[in-house]
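Quick notes on the structure that follows.
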Amino acid sequence: MTTTAAPLLEVRNLRKHYISPKRWLRPAKPAIQAVDGVSFSVARGETLSLVGESGCGKTTTAKSVMRLVEPTSGSVVLDGEELLTLSPNEMRLRRRQLQIIFQDPYASLNPRLTAGDIVAEPLRNFGMGAAAERRERVQWLFSRVGLRPEAAKKFPHEFSGGQRQRLGIARALALNPKLIVCDEPVSALDVSVQAQVVNLLMDLQAEFGIAYLFVAHDLAVVRHISHRVAVMYLGHIVEIADRDTLFSAPLHPYTEILLSAVPVPNPRTPARRMLLQGDPPSPANPPSGCRFHTRCPMAQAVCKEKVPALSERPSSSDGGTSTHLVACHFR
Ligand code: SF4
């Protein structure tokens, strides 16, 4: 996928710091730096995945882009428009272009509404079409995500996990969005159902040109669905590359360790599992310099003092035309 045209989504220096309220006679607690200076872009019709350990800030980044959590600072430009300066009402109107699919399909669906009403809700909220047109659109959405039209009368508890996630996808599609944030959309599903839902998302992208910001920890799923992958560690992006480059020639030591945990399907290929030392440091008190230096097998003295910039390296795929960014002093 080429990314030379103006990107659909441009995120610059995004920060989300959680600050505890001051208590009388108690020392102030340090801010939790969940996301600290993250920049990336997503092209039209592209899937960019955010990966990393639990607590690395990938979900907070995705929710900050949608302003489901309010970022502390930075810039989020969707289709040429800055989102972070919009009023709540203006932001609500932009949600037509920017939808989300949640991890837990059951918790994200109103149990008191029928499936048809759940999918029709965004259409009603934005005053789209007469009742008959909305019914027709809901039926079309049901068939497009692989649900039978009769299922519109059922309630969420009457569906399987995979069917509920299809319902969540139909709801996200209802308003013809340009970008869908997928927050671990298959991690709560059985493995066989995961593949069906991932393939459905890819088919819909091919048909409607939707871009996905895809948050996941399952690297096999990420490899299947992504055009590019951004690796996060403790609130920072440490590497971004196109999917093939990242999986075949990762440069950052953290990416290498993450990828070494992916099972190799060929029994003749020896597994090269590398272990990550220790626990992740607290985002309330991140290490100085390179945030990975406390766990990095290659760390040297400079790593404790100097923050490595996320800078460009020659890419090994696409004949060297795609951008490969890495934040490491020695790679
Ligand atoms: Fe490791 Fe140093 Fe590179 Fe950070 S900058 S990843 S600590 S070698």
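Whatever order the structure lists them in is the order used to number ligands and atoms, beginning at 1.
Heavy-atom contacts of His252 reach the following atoms of ligand 1: 6 (S) (cutoff under 4.0 Å). Residue contact check: Cys328 has heavy atoms under 4.0 Å from atoms 3 (Fe), 5 (S), 6 (S), 8 (S) of ligand 1. Proximity to Phe330 (heavy-atom distance under 4.0 Å) selects the following atoms of ligand 1: 8 (S). Near Cys296, meaning under 4.0 Å from one of its heavy atoms, ligand 1 places the atoms 1 (Fe), 6 (S), 7 (S), 8 (S). Near Pro253, meaning under 4.0 Å from one of its heavy atoms, ligand 1 places the atoms 6 (S). Residue Cys303 approaches ligand 1 through these ligand atoms, each under 4.0 Å from one of its heavy atoms: 2 (Fe), 5 (S), 7 (S), 8 (S).
In this structure, Arg144 is not positioned above the aromatic face of Phe208 in the sense of NZ or CZ being under 6.0 Å from the six-membered ring centre and within 45° of the axis.
Residue contacts with ligand 1 for Cys290 involve side-chain atoms from C-beta outward but no N, CA, C or O (heavy atoms, distance under 4.0 Å).
Ring geometry, Tyr254 versus His252: the interplanar angle exceeds 60°, so the pair is classed perpendicular (tilted spans 30 to 60°).
Here the side chain of Ser226 pairs no donor or acceptor atom with the backbone of Arg223 at under 3.5 angstrom. Put simply, the side chain of Ser64 never gets that close to the backbone of Pro71: no donor and acceptor are under 3.5 Å apart. Without hydrogens or angle criteria, Gln194 side chain to Leu189 main chain gives a donor-acceptor distance under 3.5 Å.
A 6.0 Å sphere centred on CZ of Arg148 holds no more than 12 heavy atoms belonging to other residues, nucleotides or ligands.
Among protein heavy atoms, the minimum distance from atom 5 (S) of ligand 1 is reached at His329 N, 3.4 Å.
Here the options are Leu234, Ile237, Thr61, the test is side-chain contact (heavy atoms from CB on, under 4.5 Å), and the partner is Val35; only Thr61 passes.
Atom 4 (Fe) of ligand 1 has no N, O or S atom of His293 inside 2.8 Å of it.
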